[in-house]
Amino acid sequence: MTDSKVETISRLAQWRIENFGPCSYRRSDPFKVGIWNWHLSIEKNRYLYVRLFPEPGRASKEQPPVARFVLRVSNVGANRRPYISPVHERLLRNSEDFVWPVDSTFHGRFIIDVEFLDLKIYSLNGSDSCSIWPNEIALQSLATNSTLRCLSRMLNEGIHADVTINTADGTLAAHKAVLSVSSPVFGSMFLHDLKEKESSTINIEDMSLESCMALLSYLYGGIKQEDFWKHRLALLGAANKYDIADLKECCEESLLEDINSSNVLERLQEAWLYQLDKLKKSCLMYLFDFGKIYDVRDEISTFFLHADRELMIEMFQEVLTVWKPV
Amino acid sequence: MSHQKKRAFNFKIETFKRYGVELDLKYAKKTWKLLEHAIHEIYNHKASGLSFEEHYRNAYNMVLHKYGEKLYSGLVATMTWHLKEISRCIESARKWGDHNMALQMIRDILMFMDRTFVPSSHKTPVNELGLNLWRDNIIHSSETQRRLLNTLIDCVNKERTGEFINRGLIRNIVKMLMDLGPSVYQQDFEKPFLEVPTNFFRAESQHT
């Protein structure tokens with residue numbers, strides 16, 4: 001009985017064949033190196049033909065491997081020099097892509113080693129193939145996840161927290177360093193010899209405890225979708241006040257997603273206040289291009305009574321663009 | 001601000017947000033008074049008790065609610081007033097370090113104005129404004145300009161004849177002039193400065 005199992009460690013695969021026996025062809029079980037399952041096969045003819053190919057399937061079809069490798073065939077025990085292939089580098093899709101004829105006969109036990117020097121994913125669209133080693137993507141995502149876990153714990157458990165935030169209705173603990181790198185306003189706050197630096201306390205009277213917690217969760221990378229959704233108006237205000245550009249943009253995108261008749265005037269007001277051009281444009285289009293102004297007939301009179309003059313001018317101009325007298 | 005007043009003020013902001021009511025001028029005046037007081041405290045070295053968040057928020061609300069112009073012109077007036085005060089004292093150039101530190105604090109407290117109001121209304125950013133005001137009120141005040149130039153030339157002459165001079169002072173003055181921009185350094189000092197050695201060496205050569 002010949003064992004068809006291939007053992008692997010790191011980048012080395014080893015197939016120990018106890019006895020080739022009377023057969024002329026043998027294929028190994030699949031073995032995994034990199035992201036592919038591989039097979040080795042041997043065929044005895046005039047030469048011993050050794051083949052290396054990936055298991056047919058999705059991985060080998062959509063992400064075919066380009067392998068750089070060395071093969072080595074040696075008899076166990078016998079005092080014979082092993083046969084070592086040159087370094088090959090090729091695209092391997094099926095069993096015809098690589099075959100190595102060894103001009104020798106092997107009796108008894110022998111071993112086939114495949115040492116992969118590099119494995120790349122062949123690029124189907126012509127760009128550069130990229131190596132799967134070192135596995136940078138996996139490393140990066142591992143590091144990111146672990147950092148996020150640490151930051152969340154720092155916030156939630158107050159680990160070495162060094163600043164107290166008094167909101168309108170409660171107190172939170174945070175870290176000067178995290179606040180400072182997230183916002184130039186906090187950065188300056190702790191730079192100068194003013195009250196906050198000395199007392200390590202910030203009085204943020206214009207935020208509620210909950211919305212301030214949502215802001216901190218965002219800065220510490222662990223905000224939940226529902227909290228973002230619930231507090232996005234407060235977050236927008238905070239992002240504008242503390243100059244956190246990506247959060248501001250994210251809030252604007254979110255507010256663009258659910259404009260309707262009952263909130264369009266409020267949204268327009270927010271867009272005007274915080275100079276959100278995309279949101280403002282969308283609200284104006286919703287009202288005038290799509291004619292929804294007739295749905296808010298009652299509210300619009302109150303709105304016009306109080307709205308900023310410049311905003312009124314812009315609204316009027318939008319009406320003029322849309323309005324086509326017959 | 002008393003508690004009740006604060007609530008009234010917050011309510012006003014809420015109303016503004018909901019219906020677009022303009023914050024009234026009274027509010028803007030009151031807020032500016034607080035900021036003006038803060039600027040005075042900063043120049044008087046009493047800043048350690050000031051809250052950055054509170055004053056940043058006040059300035060932020062003024063700019064957000066379209067009182068940027070009031071804030072900016074108030075800043076120019078207050079800073080000019082302080083610099084005129086400084087220019088009256090004998091060694092006004094020595095206050096350069098103080099002014100610089102005050103300027104950085106004020107610039108950061110008014111960061112939101114610098115970011116939004118200043119570019120949209122084509123004003124000079126706070127830091128540059130502070131340097132310009134210093135140049136116009138201190139360096140270009142005829143009294144200081146003459147004294148500063150004489151001191152520098154005097155020092156250099158003294159050193160040429162082997163006397164001990166305060167090099168630290170010279171270094172600070174030259175650095176200040178460089179910080180104010182190449183034009184200040186060149187026009188106000190480099191030119192008259194280069195004329196002096198000519199005279200000095202002419203006199204020296206006649207001695208021998």
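Order of the sequence lines sets the chain letters (A, B, ...), proteins ahead of strands, with each chain counted from 1.
- For Asp243(A), the parts lying near chain B are the backbone and the side chain together; criterion is any non-hydrogen pair under 4.5 Å.
- Using a 4.5 Å cut-off between heavy atoms, Leu311(A) makes no contact with chain B at all.
- Contact annotation for residues 110-129 of chain B against chain A (heavy-atom separation below 4.5 Å, listed by residue number): Met111(B), Phe112(B), Arg115(B).
- Using bins of under 30°, 30° to 60° and over 60° for the plane-to-plane angle, the ring pair Tyr220(A)/His175(A) lands in the tilted bin.
- Ranked by non-hydrogen atom pairs under 4.5 Å with chain B, the options Leu305(A), Leu191(A), Asn240(A) are led by Asn240(A).
- The choice from Asp193(A), Val185(A), Ile202(A) that makes the most heavy-atom pairs within less than 4.5 Å of chain B is Val185(A).
- Note: Tyr218(A) and Phe228(A) fail the aromatic proximity criterion, with ring centroids not under 6.0 Å apart.
- Atom NE2 of His65(B) is separated from atom OH of Tyr60(B) by 7.5 Å, given to the nearest 0.5 angstrom.
- Using a 4.0 Å cut-off between charged side-chain N and carboxylate O, Lys195(A) and Glu54(B) make no salt bridge.
- Between the NE2 atom in His231(A) and the CE atom in Met207(A) there is a gap of 9.0 Å [rounded to 0.5 Å].
- The structure places OG of Ser282(A) at 4.5 Å from CG of Leu256(A), a figure rounded to the nearest 0.5 Å.
- Side-chain contact between His99(B) and Tyr43(B): present, with at least one pair of heavy atoms (C-beta onward) separated by less than 4.5 Å.
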